[in-house]
Amino acid sequence: MRNIIITIDGPAASGKEKIAKFISRKWKFKHLDSGLLYRRLALILLKDEINDRDLKKIKKRIEKIKKISFQKSKKLRTQEISQLASKIAIHQFVRQYVNNLQYNFVNKHKKIRGFVIDGRDIGSVVFKKADLKLYIEVNSEIRAKRRYKQLIDSGEKSIYRKILKDIKLRDKKDKLRKNSPLVIPDEAHIINNNYSFKNTIVQINKLMENF
Ligand code: C5P
């Protein structure tokens with residue numbers, strides 16, 4: 001039997017991860033955060049001081065990667081990595097590399113009942129035949145406020161206006177790029193995450209009734 005695939009797409013800081021974690025815990029599905037893989041690549045390039053415009057070097061460096069960690073880490077969440085991840089994500093060869101990591105991950109875990117995978121192009125490109133597709137909508141000011149609170153709570157210095165600007169910039173990059181832009185996938189259910197998480201969960205529970 002094929003694994004169940006649930007996709008979650010949406011703009012930066014829209015709460016995809018929190019929703020994915022909720023689904024993963026409640027329905028015992030494995031969570032895969034595709035953004036984390038773009039961030040891992042960004043960290044590798046940053047460490048090796050490879051310029052994001054030097055496509056030849058990026059290609060060569062990617063070819064040399066033997067194994068990439070799927071582990072979450074605080075060092076992947078900095079503004080610098082966020083921006084670099086979004087810069088390199090415009091290139092098709094980078095996207096293909098990350099997509100293959102996702103396919104291999106799913107194929108490797110044949111016995112797992114289901115996966116919940118979040119990103120920008122999961123329902124529209126990577127897993128077009130998913131069993132359930134979600135698209136998360138939240139306005140940019142609310143997203144910036146939530147991200148600001150998160151950073152402050154975790155002890156980091158942060159400026160609300162800078163976060164809002166960064167979120168808007170990443171939205172623009174994600175929506176306007178030629179390769180796999182952020183779109184509402186066909187057949188996706190729109191989740192309104194502007195209000196409380198409780199409110200969001202009610203919407204999710206209704207859609208997940210059949211799983
Ligand atoms: O989701 P997260 O913010 O961690 O993703 C980091 C960056 O990677 C995003 O800003 C986006 O540009 C890119 N990304 C992407 N496609 C995905 C996941 C992330 O282009 N499926």
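All values derive from a computational prediction rather than experimental measurement. Note that ligands are numbered from 1 as they come in the structure, with each ligand's atoms numbered from 1 the same way.
- Among protein heavy atoms, atom 9 (C) of ligand 1 sits closest to Arg120 NH2, 3.2 Å.
- Of all atoms in ligand 1, numbered sequentially from 1 with element shown, those under 4.0 Å from a heavy atom of Ser34 are 17 (C), 18 (C), 21 (N).
- More than 12 heavy-atom neighbours from other residues, nucleotides or ligands sit within 6.0 angstrom of CZ on Phe70.
- Side-chain atoms of Asn3 and Lys111 form no donor-acceptor pair, as typed in the model, at a separation below 3.5 Å.
- Considering each of Arg77, Arg177, Arg170, the one bringing a non-hydrogen atom nearest atom 3 (O) of ligand 1 is Arg170.
- Between Val116 and Ser24, the shortest heavy-atom distance links the atoms CG1-CB, 3.8 Å.
- Salt bridge present: Arg143 and Asp171 bring a charged side-chain N and a carboxylate O closer than 4.0 Å.
- Every atom of ligand 1 with a heavy atom of Asp121 under 4.0 Å away is listed here by number and element: 16 (N), 17 (C), 21 (N).
- The protein atom (non-hydrogen) at minimum distance from atom 4 (O) of ligand 1 is Arg39 NE, 2.6 Å.
- When the options Gly35, Gly10, Pro11 are ranked by their closest heavy atom to atom 19 (C) of ligand 1, first place goes to Gly35.
- Other residues, nucleotides and ligands place more than 12 heavy atoms under 6.0 Å from the NZ atom of Lys72.
- Applying the 4.0 Å criterion to heavy atoms of Ile122 picks out, from ligand 1, the atoms 21 (N).
- Between the side chain of Lys87 and the main chain of Arg53, no donor-acceptor pair closer than 3.5 Å is present.
- Using 4.0 Å as the threshold, Lys173 has no heavy atom nearer than that to any atom of ligand 1.
- Within ligand 1, counting atoms from 1 as listed, the ones closer than 4.0 Å to a heavy atom of Asp174 are 10 (O), 11 (C), 12 (O).
- Looking only at heavy atoms of the protein, atom 8 (O) of ligand 1 is closest to Tyr38 CB, 3.6 Å.
- Residue, atom and distance of the protein heavy atom nearest to atom 7 (C) of ligand 1 are Ala85 CB, 3.9 Å.
- Backbone and side-chain nitrogen or oxygen atoms of Asp33 are examined, and none is located within less than 3.5 angstrom of a nitrogen or oxygen of ligand 1.
- Contacts with ligand 1 closer than 4.0 Å are made by side-chain heavy atoms of Ala89 only, the backbone lying farther away.
- In this structure, the protein non-hydrogen atom closest to atom 16 (N) of ligand 1 is Arg95 NH2, 2.9 Å.
- The distance from atom CD1 of Ile81 to atom CG of Leu41, rounded to the nearest 0.5 Å, is 10.5 Å.
- Checked against the 6.0 Å centroid threshold, Phe127 and Phe115 do not count as a close aromatic pair.
- Between Lys16 and Gly10, the shortest heavy-atom contact is NZ-O, 3.2 Å.
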